[in-house]
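Below is one structure, written out as structure tokens, with a few remarks after it.
These numbers were taken from a predicted model, which means no experiment stands behind them. Positions are given from 1, in the same order as the sequence printed here.
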Amino acid sequence: PQSVRRLGVLAGTQGVAEAAASELDARVAALAGRKVEGEPLDVFYMLWAEPLYTVGSRHIIGDAIARCGGRNIFEDIDFPAPIVEIEAVVKRDPDVMLLSAPPITTRDWRERWGQFPSIRAVQTGQLLTFGDPRLDRMGPTAIDAVEGLCEMLDKARAALRDKMAG
């Protein structure tokens, strides 16, 4: 919202920018006020395969995951987009793996991760394609992508709860 306001000042369209920024503020507040039932899901967010890129504590995607009731398994790495080893993902054993790429790419990634059946997300089928580029390429529409991310994690949480109950 602040960037929208600054851009409005620079462009001489403060009234329009203020209205848009206020709407964004309200949507961010709604995300912050979201109630999530149960424990946070341990989430691995995969940006790329070779080398294996993810998000660390200084990336906005980590904040989005937290707002959606998840915990980035690499939040302890003080870097926006660190390279990690496959063994580190296996050791941290995520509940959900979000594969951020188009479906054709994530199909290959999903097959690769299938070689690691000890990972909880692989065991439970929670290798999910998150193909919305708006979150990876920040802008005002990133909020729309966070809402989609929350829906995806809510469905994963429900599926895992059902598996545990059944």
[X] versus [Y]: any side-chain heavy-atom pair under 4.5 Å?
X	Y	value
I86	Q115	no
T54	I73	no
E23	R27	yes
I61	L98	no
R71	E39	no
D78	S57	yes

Is it the case that the side chain of [X] and the backbone of [Y] share a donor-acceptor pair, with hydrogens and angles ignored and the cut-off at 3.5 Å?
X	Y	answer
Q123	P117	yes
D95	D42	yes
N72	V55	yes

In terms of hydrophobic clustering (I, L, V, M, F, W, Y; side-chain heavy atoms under 4.5 Å; direct or indirect links), are [X] and [Y] co-clustered?
X	Y	result
V16	L24	no
L7	I143	no
I83	F74	yes

Test side chain to side chain contact (heavy atoms under 4.5 Å, CB included), reference L127, set V96, V122, I119, T106, output is V122

For A49, give me all partners under side chain to side chain contact (heavy atoms under 4.5 Å, CB included), at least two apart in sequence or on another chain. M46, W109, R112

Are a donor atom and an acceptor atom from the side chains of R5 and Q2 found within less than 3.5 Å of each other? yes

Residues in ring-ring contact (aromatic ring centres under 6.0 Å, His included) with F116, at least two apart? W113

Does a sphere of radius 6.0 Å around CG in L10 hold more than 12 heavy atoms from other residues, nucleotides or ligands, not counting ones at 6.0 Å or beyond? yes

Could you list the donor-acceptor pairs under 3.5 angstrom formed by side chains in residues 159-166, with sequence neighbours left out?
unit_1, atom_1, unit_2, atom_2, d
K163, NZ, T124, O, 3.0

